[in-house]
Amino acid sequence: MQSDKETAANEALKEALKALQRAGELCERADYGSQVLGPLRDAQRDTQYALDTALGRN
């Protein structure tokens, strides 16, 4: 059973991941290059890993 703090943290991770995904979509539409998209994809991957770890998927 998750504590309220863990639940809040996991929800924040989910929201961060959604925001990073949206930023990626918008940056692609704006034709930003790899210097923007590369680190953004890294951040998405790392945030997904953190969420999966927090949820016990790793």
Side-chain angles (χ1 to χ4, degrees):
M1 182 86 186
Q2 289 185 344
S3 70
D4 290 342
K5 290 179 183 179
E6 288 172 320
T7 299
N10 292 342
E11 288 303 314
L13 283 169
K14 289 176 189 176
E15 290 302 315
L17 186 56
K18 287 179 189 177
L20 287 167
Q21 290 168 337
R22 178 73 175 140
E25 292 168 5
L26 294 172
C27 288
E28 285 181 11
R29 288 184 198 163
D31 292 323
Y32 287 147
S34 62
Q35 289 184 318
V36 171
L37 294 172
L40 189 53
R41 288 185 185 122
D42 290 345
Q44 290 173 355
R45 183 192 67 238
D46 292 346
T47 304
Q48 183 66 60
Y49 183 83
L51 177 59
D52 289 344
T53 300
L55 296 175
R57 296 181 194 160
N58 291 337

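We're numbering straight along the sequence, starting at 1.
With sequence neighbours excluded, the residues that form a side-chain contact (heavy atoms from CB on, under 4.5 Å) with Q2 are E6, T7, N10, L55. Among residues two or more places apart in sequence or in another chain, the side chain to side chain donor-acceptor pair (under 3.5 Å) test is passed with D46 by none. In this structure, the side-chain contact (heavy atoms from CB on, under 4.5 Å) partners of N58, at least two apart in sequence or on a different chain, are Y49, D52, T53.
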Using distance only, find each side-chain donor-acceptor pair of residues 12-41 under 3.5 Å and give its atom names and separation, not counting sequence neighbours.
unit_1: K14; atom_1: NZ; unit_2: E11; atom_2: OE2; d: 3.3
unit_1: E28; atom_1: OE2; unit_2: R41; atom_2: NH2; d: 3.2

